[in-house]
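Structure first, commentary second.
Every chain is numbered from 1 and lettered A, B, ... according to where its sequence line falls, protein lines coming before strand lines.
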Protein chains: 2
Amino acid sequence: MSPRGRRPGGGDTRADIIEAARDEFAEGGYDTTSLRAVARRAGVDPSLVHHYFDGKPALFAAVIGAPADPSALIGQVISGPREDVGENLVRTFLTLWDSAEGQPRLMAILRSAMTQETARRMMREFLTREVFGRIAREFAGEASPDEIELRAGLAAGQMAGMALMRYVIEVPAVVQASQEDLVRCLGPTLQRYLVDG
Amino acid sequence: MSPRGRRPGGGDTRADIIEAARDEFAEGGYDTTSLRAVARRAGVDPSLVHHYFDGKPALFAAVIGAPADPSALIGQVISGPREDVGENLVRTFLTLWDSAEGQPRLMAILRSAMTQETARRMMREFLTREVFGRIAREFAGEASPDEIELRAGLAAGQMAGMALMRYVIEVPAVVQASQEDLVRCLGPTLQRYLVDG
């Protein structure tokens, strides 16, 4: 649960920061947006942004309505055994996607990335830097930035495509598969893209 | 190039058949639609449907505006060496997707599958029966129908997700990757889902 605060002026500070961040991310994309610029636009002290949000990924997650801050989840996957990264990543995503509150939010994000250029750009940078890219950077050794971005893009594609079949197109056998069935099927794929190369 | 014919009444027979097939597929889905029912709805002799279209997959491909009849392409992949099925499938898809006339059509199909329930249902049955499912059935040995559908769904998800990253979200490293780079990365994944299990 995130704290909520009231400013003397009567507004909801946390909501104001999210609103300002939405505009900053939309204008400049994910990479170039700074928490300082968000604070300036919201008319609050930068320390307040840090008070409400645990870094830029958490703020971005709030802006797009993600059901969880992915930083913490990705951190857990990275800190686990190297040989289990693929399976742990698939399990983490499926647990979010399969949850009653996570699914409609993630569907909305997938749809807007399909249809809106602004959402597309933010999502592209966020997924390749903070989510899949973060794992690839951790394990890829001396791979080039392009190579890491390719690995991140392949992993993002595999997870998004699986979600498309399970939650949108609804292929019956993919809908009915248990989380652990899918972990066994997709884990080695993610492991190869992100860890073993 | 498909032949085009004029009926005495002045209509374009081939276009009439496509129109009738669109309605039949939309009402009954892909699986239950017969060429005989399409002919009846179009008010033409069934032999005319067979004259213009080389079977139900070809008719369906024309209805959805696919850039090629997938039956022939899948047939080529299946008749190649077993150990190359994954790579050949990825190469076949990328050649279509990367072509100037193929890309806008396939994008439109992907978009409508995301947003329209009718398109979604037709696409689900077509992909799991005629495209990926046909390959899985060919190589899966004694796998159950559910297992074959799961493999087909996983393969469809991998290809659709890659397309999402290369043509929609446009992750730069995935856009810039050559066809053969992607064949090397994705080939083993498709091989495992559809052939090796």
Q) Using a cut-off of under 4.5 Å for heavy-atom pairs, which of A:A156, A:P172, A:A152, A:A177 has the most such pairs with chain B? A) A:P172

Q) Less than 4.5 Å apart, any side-chain heavy atom of B:L164 and any of A:L164? A) no

(Q) Please classify the contact between A:R192 and chain B as side chain, backbone, both or neither, with a heavy-atom cut-off of under 4.5 Å. (A) side chain

**Q.** Options B:A163, B:G197, B:G153, B:G157, ranked by heavy-atom pairs under 4.5 Å with chain A, top entry
**A.** B:G157

Q.
Do A:R151 and B:C185 have side chains that approach each other closer than 4.5 Å (heavy atoms only, starting at C-beta)?
A. no

Q. Where does A:L182 contact chain B at under 4.5 Å (heavy atoms): side chain, backbone, both or neither?
A. side chain

Q. Can you check whether B:L150 reaches A:Q176 side chain to side chain, under 4.5 Å on heavy atoms?
A. no

Q) Can you name the closest pair of heavy atoms from B:I169 and A:A113 and give their distance? A) CD1-CB, 3.7 Å

Q: Select, from B:V168, B:D181, B:I148, the one with the greatest count of heavy-atom pairs under 4.5 Å involving chain A.
A: B:V168

Q: Please state whether the side chain, the backbone, both or neither of B:P188 comes within less than 4.5 Å of a heavy atom of chain A.
A: both

Q. Any side-chain heavy atom of B:V171 within less than 4.5 Å of one from A:F132?
A. no

Q: Please check if A:L127 and A:M107 belong to a single hydrophobic cluster, counting links between Ile, Leu, Val, Met, Phe, Trp and Tyr side chain heavy atoms closer than 4.5 Å.
A: yes

Q. Does A:D54 CG have over 12 foreign heavy atoms under 6.0 Å away?
A. no

**Q.** Distance in Å, A:T189 OG1 paired with B:L154 CG, rounded so as to fall on 0.5 Å steps
**A.** 8.5 Å

Q. Going from CE on A:M165 to CD on B:E149, what distance comes out if it is rounded to the nearest 0.5 angstrom?
A. 11.5 Å

Q. Hey, does the side chain of B:R120 reach the backbone of A:E170 with a donor-acceptor pair shorter than 3.5 angstrom?
A. no

